[in-house]
Amino acid sequence: MIRVLFVCLGNICRSPLAEGVFTDLVAKAGLDERIAADSAGTGGWHVGEPPDPRSTEVARRHGVDISLQRARRVDPRDFERFDYVVAMDASNLDHLRRLPQGRARLMRLLDGVPELRVRDVPDPYYDGDDGFEHVYQLVSRGCALLLDRVRRDHAL
Ligand code: 4NP
C-alpha cells in the first residue's frame, strides 16, 4: 500500500479536508487497494475531536463525508510509515523538517500546482464559510495533481 499523510496545524480544518478529497479521488480512480490516506496536526489541541463543522459542511456540499475522522498529532514514526508527507503551508513544512526524517517524501501540497500563485493553503480557522470554500478549492486542485504524481511515481 502506498500511504499519504496530510498535515496541518490542528488537524480539524485543512488536512481532514485533504484526506477526504484525496481518498474520494483515489476511490473514483479505482485505486483504493493501492493508495491510502490519513491526516495529522503538528499541534495537539484538538486530538480526538471530529473535524471543524465548517470543514465537514464544505466537504458534504462537494459530496465527501469527513465526519468520522478524528484528529491526531504527527508522530515521528509517520516518516517511516508513510510514503508521502504533505504539508498544507510553509509553517507546517518547517515544523515537519525539524523532526527526524525517515523514508517519506516531504512536500507542500500546492508546490505541485505550478499555475497557482499561492503556495500555502491558508488557515481558515478564524475565517467565515468563504474561507472554507476557498480552502476546498485549493485542496481539491492540489489533491488532483498529487494523485497524478503518485500514479506517475508508482506507474499506476
Ligand atoms: P487547521 O486549522 O490547521 O487547518 O486544522 C486550525 C485549527 C485549530 C487551530 C489552528 C488552526 N487552533 O489554534 O486551535
Side-chain angles (χ1 to χ4, degrees), residues 3-27 35-102 104-150:
R3 296 184 195 280
V4 180
L5 181 68
F6 295 97
V7 177
C8 62
L9 178 59
N11 192 211
I12 55 167
C13 298
R14 292 166 290 175
S15 60
L17 208 44
E19 176 188 338
V21 166
F22 188 78
T23 301
D24 185 58
L25 290 173
V26 165
I35 306 174
D38 190 11
S39 63
T42 59
W45 314 282
H46 298 282
V47 168
E49 293 178 17
D52 186 290
R54 297 166 293 176
S55 272
T56 307
E57 175 57 20
V58 79
R60 191 196 59 75
R61 268 197 277 121
H62 291 278
V64 176
D65 181 8
I66 64 169
S67 65
L68 298 179
Q69 293 185 32
R70 294 296 177 266
R72 74 168 178 89
R73 197 168 191 178
V74 169
D75 182 304
R77 285 169 296 183
D78 288 331
F79 285 98
E80 289 304 330
R81 290 197 202 113
F82 288 86
D83 299 278
Y84 300 86
V85 174
V86 185
M88 293 296 118
D89 67 24
S91 156
N92 310 146
L93 189 63
D94 189 52
H95 180 107
L96 292 164
R97 282 201 175 121
R98 290 165 199 265
L99 297 175
Q101 303 293 300
R105 287 171 232 197
L106 179 58
M107 61 189 72
R108 183 167 50 163
L109 183 66
L110 298 184
D111 280 336
V113 190
E115 76 274 18
L116 279 179
R117 266 193 304 155
V118 284
R119 298 276 68 124
D120 290 336
V121 179
D123 181 348
Y125 193 59
Y126 296 102
D127 294 347
D129 291 344
D130 286 0
F132 284 76
E133 176 61 28
H134 180 58
V135 163
Y136 172 84
Q137 294 299 336
L138 294 174
V139 159
S140 161
R141 190 81 193 101
C143 283
L145 292 191
L146 176 63
L147 180 55
D148 289 344
R149 153 127 194 228
V150 173

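Just so you know, these numbers use all the heavy atoms, side chains as well, and skip hydrogens, waters and symmetry mates. Order of listing sets the numbers, starting from 1, for every ligand and every atom in it.
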Open item on the list: Contact between V7 and S15 at the side-chain level, heavy atoms closer than 4.5 Å - yes or no?
Closed with: no

- [ ] Check whether any side-chain heavy atom of V150 lies under 4.5 Å from a side-chain heavy atom of R105, and answer yes or no.
- [x] no

Task: By ring pair (Phe, Tyr, Trp, His ring centres under 6.0 Å) - contacts of F82 (at least two apart) - done: none

Between the protein and ligand 1, which nitrogen or oxygen pairs come in under 3.5 Å, and how far apart is each?
residue  : atom   : partner : partner atom : Å
ligand 1 : 2 (O)  : D123    : OD1          : 3.4
ligand 1 : 3 (O)  : L9      : N            : 2.9
ligand 1 : 3 (O)  : G10     : N            : 2.8
ligand 1 : 3 (O)  : R14     : NH2          : 2.9
ligand 1 : 4 (O)  : R14     : N            : 2.9
ligand 1 : 4 (O)  : R14     : NE           : 2.8
ligand 1 : 5 (O)  : G10     : N            : 3.4
ligand 1 : 5 (O)  : N11     : N            : 3.2
ligand 1 : 5 (O)  : I12     : N            : 3.0
ligand 1 : 5 (O)  : C13     : N            : 2.9
ligand 1 : 14 (O) : H46     : NE2          : 2.7

Open item on the list: Go through it in stages, so that I can follow the logic: the residues are N92 and T42, the test is side chain to side chain donor-acceptor pair (under 3.5 Å), and I'd like the CA-CA distance, side-chain angles, deciding distance and then a yes or no.
Closed with: CA-CA 7 Å; N92 310 146; T42 59; 4.6 Å; no

Task: With F132 via ring pair (Phe, Tyr, Trp, His ring centres under 6.0 Å) - residues at least two apart - done: none

Task: For H62, all residues meeting ring pair (Phe, Tyr, Trp, His ring centres under 6.0 Å), sequence neighbours excluded - done: Y136

